[in-house]
Number of protein chains: 2
Amino acid sequence: MIAREDEPIPASQDSDVLELIELFFFAYRDFVGDADRLLENYGFGRAHHRILHFVQRRPGLSIAALLDILQITKQSLNRVLKQLLDEKLVESRAGPSDRRQRLLYLTHTGSELAKELARIQAARFERVLDNMSWKEKENAIEFLYSMIDEDQRPQVRQHLRHAKASFIRNNET
Amino acid sequence: MIAREDEPIPASQDSDVLELIELFFFAYRDFVGDADRLLENYGFGRAHHRILHFVQRRPGLSIAALLDILQITKQSLNRVLKQLLDEKLVESRAGPSDRRQRLLYLTHTGSELAKELARIQAARFERVLDNMSWKEKENAIEFLYSMIDEDQRPQVRQHLRHAKASFIRNNET
DNA sequence: TTTTTACGTCAGCTATATTGACATAATTCT
DNA sequence: AGAATTATGTCAATATAGCTGACGTAAAAA
């Protein structure tokens with residue numbers, strides 16, 4: 001192949017961007033690998049992990065809100081959620097104002113597993129963040145944030161607000 | 001719950017680290033979503049994408065090397081690879097020195113699809129990188145790099161070296 | 001010549017997701 | 001009060017992507 005000066009290499013084939021695409025792929029592969037190995041011991045999969053994680057983050061989450069976060073169908077959710085309910089890691093209570101709603105909460109057992117999973121994934125980030133300045137941490141958050149679809153950001157922002165509120169409620173003095 | 005001053009919140013439950021875990025999840029979800037939508041038009045899935053991507057990056061990749069990158073079993077690979085061979089997006093040639101090896105190459109059609117997929121994923125990164133200084137870009141690469149398992153980094157490094165070499169070979173003046 | 005390596009393939013299984021249809025109870029609208 | 005909508009649950013069928021185990025073949029290495 002002969003290079004032509006008038007036809008610069010498009011960015012989509014730029015070596016550095018391709019490298020980033022791959023690094024992102026490998027990083028995610030290893031990131032979820034941690035949890036996958038742990039979940040195997042309990043006979044659960046990634047789908048269970050996601051439920052445990054988001055219910056831990058926002059106790060009292062409704063089915064609709066969870067579906068919105070996970071972006072899967074209710075049938076997909078239900079198969080996995082049912083297992084977690086049966087094995088008493090999650091419990092659902094009717095909403096106090098709207099009794100059609102099922103609000104999800106983790107049991108003690110569920111919470112312990114969620115914490116264990118959070119611990120192992122947090123450890124990876126901590127290891128990474130330890131070598132970073134405050135400014136670099138800000139940049140990393142900003143980088144990941146801007147990787148998210150623009151039209152999804154409001155929902156992500158809202159989720160994080162809710163999660164933060166739950167967090168403060170459960171840790172206030 | 002009553003906060004106890006002698007029991008600080010462990011980092012695994014630190015609000016900021018949990019936020020990073022979630023941002024990483026959402027970012028990856030949207031990142032692969034781009035390609036997923038495109039692949040649907042062709043009746044392919046993520047597994048096909050990965051093969052197309054890595055063979056595009058390193059033409060002449062052997063089955064063993066590809067398995068090493070993807071970290072799946074040869075049976076899993078074969079089902080998908082066979083489709084790509086049948087539909088003539090990939091072709092395999094016996095290795096010149098070791099004729100047991102099957103070296104993989106993309107056909108013109110395969111290469112066009114691989115480029116289209118790279119374009120859409122690169123676009124996301126470009127949009128993100130456009131607002132970043134050179135230093136911030138370096139940091140982003142470093143951040144993703146350190147998210148990868150330490151024992152996997154040599155292999156990733158090696159892959160990137162190989163890919164870069166292929167890239168230069170195909171773009172040299 | 002024997003053994004090992006690189007790869008292909010068959011069969012059966014699991015996990016995660018999908019669409020479509022239908023059911024039920026609770027809330028809201030008219 | 002009755003009708004429509006909403007939140008959720010459930011059944012059935014299907015697709016994709018992975019797995020293990022077993023067996024086969026051709027080529028290379030010992």
Side-chain angles (χ1 to χ4, degrees), chain A residues 25 28-29 32-33 35-55 60-87 90-105, chain B residues 25 28-29 32-33 35-55 60-87 90-105:
Chain A
F25 166 71
Y28 192 78
R29 182 195 63 182
V32 294
D36 284 351
R37 275 184 295 278
L38 213 163
L39 287 157
E40 255 181 42
N41 308 331
Y42 297 86
F44 293 130
R46 274 184 209 182
H48 304 87
H49 182 187
R50 289 177 200 143
I51 296 174
L52 288 171
H53 176 92
F54 287 109
V55 176
L61 201 65
S62 72
I63 299 285
L66 186 52
L67 287 174
D68 192 51
I69 290 170
L70 299 179
Q71 295 191 190
I72 55 172
T73 58
K74 64 177 172 173
Q75 294 91 326
S76 297
L77 174 63
N78 225 259
R79 180 184 46 84
V80 180
L81 180 56
K82 210 176 177 185
Q83 290 177 279
L84 292 172
L85 289 166
D86 287 348
E87 300 193 28
V90 175
E91 60 182 55
S92 89
R93 304 176 203 155
S97 57
D98 183 340
R99 283 183 359 220
R100 288 172 304 181
Q101 289 185 325
R102 303 291 161 213
L103 306 188
L104 304 172
Y105 298 85
Chain B
F25 166 72
Y28 192 78
R29 181 194 65 182
V32 293
D36 284 350
R37 275 184 296 278
L38 214 163
L39 287 158
E40 255 181 42
N41 307 332
Y42 296 86
F44 293 130
R46 275 184 208 181
H48 304 88
H49 181 187
R50 289 178 198 144
I51 296 173
L52 289 171
H53 176 92
F54 287 109
V55 177
L61 201 63
S62 72
I63 299 285
L66 186 52
L67 287 175
D68 192 51
I69 290 170
L70 300 178
Q71 294 190 189
I72 55 171
T73 59
K74 63 177 173 174
Q75 294 91 327
S76 298
L77 174 63
N78 225 258
R79 182 180 46 80
V80 180
L81 180 56
K82 209 176 176 183
Q83 289 177 277
L84 292 172
L85 289 166
D86 287 347
E87 300 192 27
V90 175
E91 60 182 55
S92 89
R93 305 175 202 154
S97 57
D98 184 338
R99 284 185 357 224
R100 288 172 303 179
Q101 290 186 323
R102 303 289 162 219
L103 306 188
L104 303 172
Y105 298 86

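Chain letters run A, B, ... following the sequence lines, proteins first and then strands; every chain starts at 1. Everything quoted here is computed from the prediction, not taken from an experiment.
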### Task
Answer yes or no: does a side-chain N or O of Ser76(B) lie under 4.0 Å from OP1 or OP2 of dA17(D)?
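No.
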### Message
Counting only side-chain nitrogens and oxygens, does Arg50(B) get under 4.0 Å of the OP1 or OP2 atom of dG18(D)?
### Response
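So the side chain of Arg50(B) is within the cut-off, an N or O lying under 4.0 Å from OP1 or OP2 of dG18(D).
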### Query
Between Gly95(A) and Phe44(A), which has a closest nucleotide on DNA chain C that is more 5'?
Phe44(A)
Nearest-nucleotide pick for [X], side chain only, options being [options]:
{"X": "Asn78(A)", "options": "dA7(D), dT20(D), dG9(D)", "answer": "dG9(D)"}
{"X": "Lys74(A)", "options": "dG9(D), dT18(C), dC7(C)", "answer": "dG9(D)"}
{"X": "Arg102(B)", "options": "dT8(D), dC19(D), dG8(C)", "answer": "dG8(C)"}
{"X": "Arg99(A)", "options": "dT18(C), dA26(C), dT10(D)", "answer": "dA26(C)"}
{"X": "Ala47(A)", "options": "dC19(D), dG8(C), dT16(C)", "answer": "dT16(C)"}

Separation of [X] atom [atom1] from [N] atom [atom2], in whole Å?
{"X": "Arg79(B)", "N": "dC19(D)", "atom1": "CZ", "atom2": "C1'", "answer": "11 Å"}
{"X": "Leu104(B)", "N": "dG8(C)", "atom1": "CG", "atom2": "C1'", "answer": "13 Å"}
{"X": "Ile63(B)", "N": "dA26(D)", "atom1": "CD1", "atom2": "C1'", "answer": "15 Å"}
{"X": "Leu70(B)", "N": "dC19(D)", "atom1": "CG", "atom2": "P", "answer": "10 Å"}
{"X": "Gln83(B)", "N": "dG18(D)", "atom1": "CD", "atom2": "P", "answer": "12 Å"}
{"X": "Leu81(A)", "N": "dA7(D)", "atom1": "CG", "atom2": "C1'", "answer": "14 Å"}
{"X": "Glu40(B)", "N": "dT18(C)", "atom1": "CD", "atom2": "C1'", "answer": "10 Å"}
{"X": "Gln101(B)", "N": "dA29(D)", "atom1": "CD", "atom2": "P", "answer": "10 Å"}

Using a heavy-atom cut-off of 4.0 Å across all strands, would you classify [X] as base, sugar-phosphate, or nothing?
{"X": "Ser92(A)", "answer": "nothing"}
{"X": "Gln71(A)", "answer": "sugar-phosphate"}
{"X": "Arg46(B)", "answer": "sugar-phosphate"}
{"X": "His49(B)", "answer": "nothing"}

### Query
Do Leu84(B) and Phe44(B) come within less than 4.5 Å of each other through their side chains, counting heavy atoms only?
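Yes, side chains in contact.
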### Any Asn78(B) side-chain heavy atom under 4.5 Å of Ile63(B) side chain
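Contact flag for Asn78(B)/Ile63(B) side chains = no.
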Can you tell me how far the [atom1] atom of [X] sits from the [atom2] atom of [Y], to the nearest 0.5 Å?
{"X": "Leu81(B)", "Y": "Leu104(B)", "atom1": "CG", "atom2": "CG", "answer": "5.5 Å"}
{"X": "Ile51(B)", "Y": "Leu77(B)", "atom1": "CD1", "atom2": "CG", "answer": "5.0 Å"}
{"X": "Leu66(A)", "Y": "Leu103(A)", "atom1": "CG", "atom2": "CG", "answer": "11.5 Å"}

N/O donor-acceptor pair, side chain [X] with base [N], under 3.5 angstrom:
{"X": "Gln75(B)", "N": "dG21(D)", "result": "yes"}
{"X": "Arg100(A)", "N": "dT6(D)", "result": "yes"}
{"X": "Lys82(B)", "N": "dG8(C)", "result": "no"}

### Query
Which is it for Phe25(B) and His53(A) under the side chain to side chain contact (heavy atoms under 4.5 Å, CB included) test, yes or no, and what are the steps along the way?
CA-CA 11 Å; Phe25(B) 166 72; His53(A) 176 92; over 6 Å; no
